[in-house]
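Everything on this sheet refers to the single structure shown next.
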Amino acid sequence: MENEGAIIPYHSIELTGKRALVFSPHPDDETIGCGGSLALHAAAGDQVKVVFLTDGAKGDTSGRIDRDSYVAIRQKEAERACACLGISDFEFWSYEDRGLAGSRGVLRRIMDLFEVFRPELVYVPSPMEFHPDHRAACFLVCDAIKGCPFDFDVAFYEVGQPIWVNLLVDISSVIDLKQRAIEAYESQLRERDYKGMIMALNRFRRLTLSEGVTHAEGYSFWSSDMIRKIGPYAIPFQKLNRLTAGAGEAGPLVSIIVRTKDRPVLLANTLISITCQTYANLEIVVVNDGGEDVETLVKELSGNIPVTYVHHENSLGRSYAANSGLKAAKGLFLNFLDDDDVLYPDHVEALVAHIMARQSKVVFSSVMNAYFSGLPGSPGQPVKEELIFNFDFDADILLFQNYIPIMSVLFSREVLSKVDGFNEDMSLFEDWDFWIRVSRHFLFDHLDKVTAEYRFYGVNSTEVSHRQKYQYDDALADVFNRSLPLLNGKAWVRFLNEGSMGAFRSKMHGRGADFAEIEERLSAFQSRIHDLEEKDQFHKEELAKKHSEVTEMISKYEELLALNARLEEKLSAFQSRIHDLEEKNEFHKEELDKKHSEASEMISKYEELLARNADLENMQQQSQQALDRIREQFFYRVYRKIKGIGKTS
């Protein structure tokens, strides 16, 4: 069993000599938790800055003072308390009291303050605090640390909940200053005896220190690097899951990068979908690539989410705009969303939860394609929705097929340390090229959940939309040319078996069984006509004509051509001719009746076949066209190149 010296400090440590940044959830927390240490910093000439995160408006339990007046009182008290401690640098951020968790913009603001102030020591309440604003302050600072490029020390302090401490500071010499600072908070002392409680705690903290110490402050003290690796709980605060933040209330900053140009109506829908996200710690980076200025629109529609607006005087292209967004983004995780698509409300929260749980660097979700007949300003309801992009990750198939839409991917900033940004000489498929290069270094996790919508207006397919706006075939060939060094037989076989080509082949295999059944039925139909010819030589010539017609129909079916109308006409003529024979020759009426009955049965079966295979024939035509395009475009351009590489090697 460990001796007490391994559990609690027996010597005090001076924290002076460092530039200190203090986060106080409410006016008075800074004095209660670390007022003595702050007075020591000030006496030593250290630069000290205090940030009061909320307005403290709900501290008045009596309700006798109006809100604005009460907030002003608390700010005046904070100013007097800081003066008692020797601190002149402080800020009031005035977020809503008891609403700090989930407040948009605060995480980005803390990150910006880190960059500007460059602290060497940060004071913040511990995650064991029971007040939600105290815990929220802790979570926000820890999340900001994850994206901070430099290191510093963090001292978690006690306010309402004692913690396991690993550092004690002797504040005996400045205890009078701390008491006067607490006394400045008259409004709070009327609510509770905070002075008596914190003085008791500070006296208790001297328990393991030398006899001359009268008061001490205790801290859980850690480096920012350690917090990045293990979080605030892993070592000092075990088994405290009941205190963790709710879903979407805490987590690293996520930058959503939106590229836009001259589509303000579509951009508005995109921004609204971002503001509806259930995840709190967001920033929006809008890159206007040479279009009309939309900065006012962006800021009005972004709500309280921090926005960075980048404007290109001239259009520099999709890839350049993407790289501009990456440079401006400050998030630990990055997500692209073009100005004509939308996110479902839980998109970011679901992806962040997945990527944090798996400790992965790249995750992508499934995406619904939505096709609208109307214009972007009034698209109405989608006329068609289809789930095309719902594949598990396969780096080999990715070389041949872009199955990962750009808005579906959340990736860590660490990706950019291995892969340069987007290729700026590409005008289409720049995201596909980027994912291919990323896939050479990182494994992608697939979240099998639809979290975004890929929108199209006035078209009914993704390819048609791209062909209308870009040199589609040239761009496709360019992607393959760039990927040639990565192509091999194994990747090709995986695409044939498991990619879109494999899915197409599976569908065609199923259709083959249907065609075989059709051929069998048509063969039986032909056999019946032959029997009629043998039974009645008198009508041999007429039956031969019918046989010729049926044979022609069989040929047409074998070629899978759209002959439904013609088949109906010929079958109708066949029935009419049999009826004429019945009227002309009563001698053969009985035989003709039998033939008429058989012909009617055949007609019924043809009609049944026609009804069953109407869709089939259309699908076969589309399949044939798709096969023709694949043969012309894919095998000629890619397979021949692969074969050529084999010969040269």
Point to revise | Contacts of type side-chain hydrogen bond (donor to acceptor under 3.5 Å, both in side chains), residue Ser417, not counting sequence neighbours | key: none
Point to revise | For Tyr70, all residues meeting ring-ring contact (aromatic ring centres under 6.0 Å, His included), sequence neighbours excluded | key: none
Review point. Which pairs, with at least one residue in residues 21-38 and sequence neighbours excluded, count as a salt bridge (Lys or Arg N to Asp or Glu O under 4.0 Å)?
Key: Asp28-Arg74
**Study point:** Within 6.0 Å of CZ in Arg98, more than 12 heavy atoms from elsewhere
**Key:** no
**Study point:** For Glu77, side-chain hydrogen bond (donor to acceptor under 3.5 Å, both in side chains) partners two or more places apart
**Key:** Ser187
Practice item. Evaluate whether atom NE2 of His11 has more than 12 neighbouring non-hydrogen atoms of other residues, nucleotides or ligands under 6.0 angstrom away. Key: no
Point to revise | Set of side chain to side chain contact (heavy atoms under 4.5 Å, CB included) partners for Leu177, sequence neighbours left out | key: Ala39, Val174, Arg180
Practice item. Return each pair, listed once, that meets salt bridge (Lys or Arg N to Asp or Glu O under 4.0 Å) where at least one residue sits in residues 162-176; pairs must be two or more places apart or across chains. Key: none
Exercise for review: Could you tell me which residues satisfy ring-ring contact (aromatic ring centres under 6.0 Å, His included) with Tyr194, sequence neighbours excluded, listed by chain and number?
Suggested key: none
Check your understanding: Does a side-chain N-to-carboxylate-O contact under 4.0 Å join Arg205 and Glu217?
Key -> no
Review point. With a 4.0 Å cut-off, would you call Asp97 and Lys58 a salt bridge?
Key: no
Review point. What residues form a side chain to side chain contact (heavy atoms under 4.5 Å, CB included) with Ala44, not counting sequence neighbours?
Key: Thr16, Asp46
Exercise for review: Answer with yes or no after comparing the ring centroid distance for Phe221 and Phe156 against a 6.0 Å cut-off, counting only values under it.
Suggested key: no
Check your understanding: Out of Val298, Val310, Ile256, Ile257, which residue meets the side chain to side chain contact (heavy atoms under 4.5 Å, CB included) rule with Val286?
Key -> Val298
Practice item. Could you check Val124, Ile110, Asp89, Leu113 and say which one makes a side chain to side chain contact (heavy atoms under 4.5 Å, CB included) with Val51? Key: Leu113
Check your understanding: In Å and rounded to the nearest 0.5 Å, what is the CG to SG distance from Leu38 to Cys84?
Key -> 12.5 Å
Review point. Quick one: are the ring centres of Phe422 and Phe434 less than 6.0 Å apart?
Key: yes
Check your understanding: Who are the ring-ring contact (aromatic ring centres under 6.0 Å, His included) partners of Tyr279, not counting sequence neighbours?
Key -> none
Exercise for review: Can you tell me which residue pairs pass the side chain to side chain donor-acceptor pair (under 3.5 Å) test with a partner in residues 114-124, sequence neighbours excluded?
Suggested key: His41-Tyr123
**Study point:** Asn335: partners by side-chain hydrogen bond (donor to acceptor under 3.5 Å, both in side chains), with sequence neighbours left out
**Key:** His347
Exercise for review: Mind checking ring-ring contact (aromatic ring centres under 6.0 Å, His included) for Tyr10 and listing every partner two or more places apart, or none if nothing turns up?
Suggested key: none
